[in-house]
Amino acid sequence: MKKKLLITRKLPSHIIEPLRNYYDIAEWSEEEAIMPRQRLLASVKDCEALWVTLADKVDEELLAHAPNLKIVSTLSVGFNNIDVSALHSRDIIATNTPDVLTDTTADLVFALLLATARRIPEAERYLREGQWQGWYPLQLVGKDVGGATIGIIGLGRIGQAVAKRALGFNMNVLYYNRSRKIANEEQYGFQFREFEDVLKESDFVVIMTPYSKETEGLIGARELALMKDDAILINAARGGIVDEDALYHVLKDGKLWAVGLDVFEQEPVALNHPLLTLPNVVALPHIGSATLQTRTAMMNLNVQALLAYAQGQQVLNQIH
Ligand code: DGY
């Protein structure tokens with residue numbers, strides 16, 4: 001008898017096709033809207049396998065509704081949507097999608113860095129709104145990226161990919177990480193600093209740390225105050241790492257050159273969110289890994305894990 005798999009998103013049929021040999025698949029039929037929680041709890045009842053996205057919480061409540069669950073795959077590298085210890089205490093495997101999205105996400109971080117420094121969205125609005133009357137010397141002047149100091153909080157895989165891009169812009173690379181990355185220091189000249197010193201010394205502060213209880217609110221009023229008055233803050237990791245309220249007040253008071261955000265505490269962010277009223281906030285709808293190649297590669301990793309489980313083989317990309 002085939003195992004039951006629930007997929008909480010509509011995914012391309014050619015991607016999930018190989019799973020049909022092993023699983024009876026129930027799929028949420030809408031591509032954009034998430035599966036309502038009550039529907040998810042009801043649908044997961046008989047499932048042995050569950051394929052989720054970062055918008056679906058896999059917690060004690062869900063597990064109580066899913067007595068047969070044995071494997072959960074998330075279409076993301078971040079797994080703050082999953083209560084990993086609750087899964088492990090029930091011997092349920094959890095898998096994610098590392099590596100394949102590293103470069104794509106680092107590109108997006110750099111896009112935000114350039115967009116904020118050179119005021120790209122603001123300049124585009126200026127043109128389209130008919131404000132462009134001609135060229136003048138201090139029109140839409142930005143900040144140089146080349147030669148500036150970038151400070152990366154969290155030098156994991158994506159942080160390292162951002163740092164390597166920064167070298168191409170002749171930037172001075174500082175980083176803070178719980179453990180020193182000596183090989184990176186020796187090979188690329190990245191310089192370790194204590195957390196607060198990264199904030200104080202950097203022209204661009206880039207948040208690349210995973211979201212957890214320890215990093216929740218990591219950048220609040222005190223940390224923002226330590227940053228240079230004309231620094232730029234980029235967050236493409238998770239919303240809850242930066243205190244949005246504190247960030248809004250700091251920006252309102254004229255501190256920081258700009259902020260680039262691909263992630264928010266609540267997603268989708270409310271259109272009346274105070275941060276969206278500020279011209280120097282560049283806001284994106286969590287598109288860090290959103291290229292066709294990368295999203296396809298991520299989905300394929302989930303498929304591989306679910307297939308390996310069904311075939312009794314070793315499951316790769318397990319979250320430990
Ligand atoms: C992730 O994978 O964790 C990203 O946030 C979504 O691509």
Side-chain angles (χ1 to χ4, degrees), residues 77-78 101-122 142-177 190 193 195-211 215 217-220 223-244 246-248 250-251 255-265 267 269 273 275-276 278-290:
V77 67
L101 46 59
T102 299
D103 284 319
T104 301
T105 308
D107 286 348
L108 194 274
V109 168
F110 239 85
L112 271 177
L113 195 141
L114 291 165
T116 44
R118 299 300 301 273
R119 305 169 60 181
I120 302 295
E122 192 185 342
K143 263 172 79 81
D144 275 330
V145 172
T149 296
I150 184 172
I152 301 174
I153 311 283
L155 203 69
R157 284 173 283 224
I158 302 173
Q160 288 174 35
V162 170
K164 287 180 196 158
R165 281 157 179 71
L167 292 182
F169 281 79
N170 199 25
M171 297 179 90
N172 178 32
V173 179
L174 310 181
Y175 78 95
Y176 170 75
N177 198 67
F190 305 157
R193 292 284 190 282
F195 173 62
E196 294 192 351
D197 293 331
V198 171
L199 299 176
K200 286 180 196 159
E201 293 179 40
S202 303
D203 301 304
F204 296 83
V205 173
V206 177
I207 310 296
M208 291 284 36
T209 182
Y211 180 73
T215 60
L218 181 73
I219 305 291
E223 291 72 26
L224 292 164
L226 292 174
M227 290 173 61
K228 291 184 182 177
D229 286 345
D230 64 345
I232 289 178
L233 176 69
I234 307 290
N235 185 12
R238 284 292 184 270
I241 300 172
V242 176
D243 177 339
E244 290 174 359
L247 181 60
Y248 172 73
V250 157
L251 287 164
K255 184 166 171 133
L256 300 188
W257 177 267
V259 174
L261 300 172
D262 185 41
V263 289
F264 295 86
E265 282 171 19
E267 296 182 4
V269 65
H273 192 296
L275 283 171
L276 299 187
L278 303 174
N280 56 345
V281 172
V282 176
L284 298 178
H286 204 145
I287 56 166
S289 63

How long is the gap from [atom1] on [X] to [atom2] on [Y], to the nearest 0.5 Å?
X: Glu244; Y: Glu265; atom1: CD; atom2: CD; value: 4.0 Å
X: Asp203; Y: Met171; atom1: CG; atom2: CE; value: 7.0 Å
X: Asp229; Y: Lys255; atom1: CG; atom2: NZ; value: 4.5 Å
X: Met227; Y: Ile232; atom1: CE; atom2: CD1; value: 9.0 Å
X: Leu226; Y: Ser202; atom1: CG; atom2: OG; value: 11.5 Å

Would you mind writing out the side-chain donor-acceptor pairs for residues 106-119 within the sub-3.5 Å range, not counting sequence neighbours?
{"residue": "Asp107", "atom": "OD1", "partner": "Arg165", "partner atom": "NE", "Å": "2.7"}
{"residue": "Asp107", "atom": "OD1", "partner": "Arg165", "partner atom": "NH2", "Å": "3.0"}
{"residue": "Thr116", "atom": "OG1", "partner": "Leu112", "partner atom": "O", "Å": "2.7"}
{"residue": "Thr116", "atom": "OG1", "partner": "Leu113", "partner atom": "O", "Å": "2.9"}
{"residue": "Arg119", "atom": "NE", "partner": "Glu122", "partner atom": "OE1", "Å": "3.1"}
{"residue": "Arg119", "atom": "NH1", "partner": "Val141", "partner atom": "O", "Å": "2.8"}
{"residue": "Arg119", "atom": "NH2", "partner": "Glu122", "partner atom": "OE2", "Å": "2.8"}

Anything under 3.5 Å between a donor and an acceptor, one on a side chain of residues 145-162, the other on a protein residue two or more places apart or in another chain? List them.
{"residue": "Thr149", "atom": "OG1", "partner": "Asn172", "partner atom": "ND2", "Å": "3.1"}
{"residue": "Arg157", "atom": "NH1", "partner": "Asp99", "partner atom": "OD1", "Å": "3.2"}
{"residue": "Gln160", "atom": "NE2", "partner": "Leu155", "partner atom": "O", "Å": "3.2"}

The ring pair (Phe, Tyr, Trp, His ring centres under 6.0 Å) partners of Phe204 (sequence neighbours excluded) come to none

Under 3.5 Å: donor-acceptor pair, side chain of Thr215, backbone of Pro210: yes

Check: Lys143 side chain, Asp230 main-chain N or O, donor-acceptor pair, under 3.5 Å: yes

So, using side-chain contact (heavy atoms from CB on, under 4.5 Å) as the criterion, who are the partners of Leu278 when residues are at least two apart? Tyr248, Leu251, Lys252, Leu275, Asn280, Val281

Partner set under side-chain contact (heavy atoms from CB on, under 4.5 Å) for Ala290, not counting sequence neighbours: Ile287, Arg295

Intermediate values then yes/no, side-chain contact (heavy atoms from CB on, under 4.5 Å), Leu224 and Leu233: CA-CA 9 Å; Leu224 292 164; Leu233 176 69; 4.1 Å; yes

Step by step, would you call Leu256 with Leu247 a side-chain contact (heavy atoms from CB on, under 4.5 Å)? CA-CA 9 Å; Leu256 300 188; Leu247 181 60; 4.0 Å; yes

Specify the closest pair of heavy atoms between [X] and [Y], including all atoms of both residues, with the distance to one decimal.
X: Asn235; Y: Arg238; value: ND2-O, 3.0 Å
X: Ala163; Y: Phe190; value: CB-CZ, 3.4 Å
X: Ala283; Y: Leu276; value: CB-CD2, 3.6 Å
X: Phe264; Y: Asp262; value: CE1-C, 4.4 Å
X: Asp243; Y: Ala246; value: OD1-N, 3.1 Å

Would you say the side chain of Phe195 lies within less than 4.5 Å of the side chain of Leu218, judging by non-hydrogen atoms? yes

Holding to side-chain hydrogen bond (donor to acceptor under 3.5 Å, both in side chains), I want the full list of residues that pass it with Lys164, two or more places apart in sequence or in another chain. none

Let's go through Ile219 and Leu199 carefully: what are the C-alpha distance in whole Å and the side-chain angles of both, what is the deciding distance for side-chain contact (heavy atoms from CB on, under 4.5 Å) to 0.1 Å, and is it a yes or a no? CA-CA 10 Å; Ile219 305 291; Leu199 299 176; 4.1 Å; yes

